[in-house]
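So the structure is just underneath, and the comments pick up after that.
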Amino acid sequence: MGKLKLLLALFMGTLIVFTAQRVYYAKTDTLDGICSDILFTRLAVESQQYTRQIEYGLENGKSLENFYNIQSILSSVKRCYSYTSGAYIISDDFRLLYSNSEDGRSAPTSISVRDFDDSNIYSVTVVAEDYILTMPIYGRGEQISGYLSLRVDKSAIANTLSEFYLEYQIQAVILSVIVFLTGAVMIIHFCRNKD
């Protein structure tokens, strides 16, 4: 009977550890997705005031290729968020027109372009250690005249979430220990009642 108790306790412990691990990964993946969406939406909304400046100029006959004071606008966009390491203006035929980046980082070689509407104000591409956040710039007739792309370090999300991950790990360990001890007590109690 002692071996049976030990085997049941080991099986239960393994099952609890596996379940706790699955729950931890599910929670962190969900949190990662939610936080990145919040971060990107916030950055896109804050950047819209600058894209509106460019759009106003385009509606009044300015050309995106010869836009006056664009470097000042790109510098302001880059300051919206401390983890933004580059801001770029890309034409509607995907040529790099303007660039403002630190550390001599090159412009993104690929961006995600999809149908932009009221529900999709930005798109995101993952490139190496960065996210490339792309927002459309509309010209006359609400036609897309170009894109504003921002390079956001992946470490931004990792730093934001590190405290949550630690908290989730502690919760998973404590919950696993409590469930294991409760199960062990129940197994011992049921095995004693049968004797």
Side-chain angles (χ1 to χ4, degrees), residues 25 27-165:
Y25 285 131
K27 284 171 76 175
T28 55
D29 287 345
T30 303
L31 183 66
D32 189 31
I34 290 170
C35 282
S36 62
D37 286 344
I38 290 170
L39 175 79
F40 294 141
T41 301
R42 187 183 119 212
L43 189 54
V45 168
E46 289 176 2
S47 299
Q48 277 185 338
Q49 66 178 322
Y50 302 107
T51 58
R52 290 203 203 305
Q53 288 177 9
I54 298 169
E55 290 170 349
Y56 180 77
L58 295 176
E59 288 173 5
N60 290 313
K62 290 185 179 181
S63 167
L64 188 60
E65 293 188 21
N66 299 312
F67 204 90
Y68 175 73
N69 205 21
I70 195 74
Q71 288 299 330
S72 172
I73 293 172
L74 287 178
S75 294
S76 297
V77 169
K78 214 173 88 178
R79 283 192 302 265
C80 281
Y81 189 66
S82 62
Y83 289 102
T84 303
S85 59
Y88 314 93
I89 300 289
I90 299 168
S91 68
D92 59 343
D93 59 352
F94 308 109
R95 290 179 293 119
L96 178 67
L97 299 178
Y98 306 100
S99 172
N100 184 334
S101 63
E102 40 185 65
D103 302 331
R105 298 178 88 168
S106 61
T109 55
S110 64
I111 60 172
S112 173
V113 178
R114 60 178 182 209
D115 294 330
F116 291 101
D117 55 22
D118 290 337
S119 62
N120 294 321
I121 61 171
Y122 67 87
S123 64
V124 177
T125 306
V126 179
V127 178
E129 295 299 316
D130 299 316
Y131 294 106
I132 305 298
L133 177 70
T134 303
M135 295 153 287
I137 299 171
Y138 294 100
R140 288 187 173 177
E142 292 298 311
Q143 295 292 318
I144 294 179
S145 296
Y147 303 93
L148 171 65
S149 290
L150 303 175
R151 184 183 297 273
V152 180
D153 294 333
K154 279 187 178 179
S155 61
I157 294 174
N159 289 343
T160 304
L161 297 177
S162 62
E163 290 180 22
F164 291 113
Y165 290 160

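Quick note: residue numbers are just sequence positions, from 1.
S63 approaches L58 most closely through the heavy-atom pair C-CD2, 3.9 Å. For L74 against S99, the heavy-atom pair with the smallest separation is CD1-N, 4.1 Å. Taking all atoms of both residues into account, the shortest heavy-atom contact from I121 to M135 is O-CG, 3.5 Å.
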Subject >> K62 and I54: CA distance, side-chain angles, deciding distance, side-chain contact (heavy atoms from CB on, under 4.5 Å) verdict >> reply: CA-CA 9 Å; K62 290 185 179 181; I54 298 169; over 6 Å; no

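Sorted by first and then second residue, the ring pair (Phe, Tyr, Trp, His ring centres under 6.0 Å) pairs with a member in residues 29-70 read F40-Y131; sequence neighbours excluded.
Evaluation of the salt bridge (Lys or Arg N to Asp or Glu O under 4.0 Å) rule for E65 yields R95 as partners, not counting sequence neighbours. Applying the ring pair (Phe, Tyr, Trp, His ring centres under 6.0 Å) test to F94 and every residue at least two apart in sequence or in another chain returns Y147.
Remark: R151 CZ to K78 NZ distance equals 11.5 Å, nearest 0.5 Å. Distance CD1/I70 to CG/N100: 10.5 Å, rounded to 0.5 Å. The CG atom of L64 sits 8.0 Å away from atom CG of D92, with the distance rounded to the nearest 0.5 Å. Distance check, rounded to the nearest 0.5 Å: CG of L39 to CD1 of I34 gives 13.5 Å. Taken from CG in L148 to CD1 in I89, the straight-line distance is 4.5 Å, to the nearest 0.5 Å. To the nearest 0.5 Å, the span separating CG on L133 from OG on S123 amounts to 7.5 Å.
Counting only distance, with no hydrogens or angles, the side chain of T51 and the backbone of Q48 share a donor-acceptor pair below 3.5 Å.
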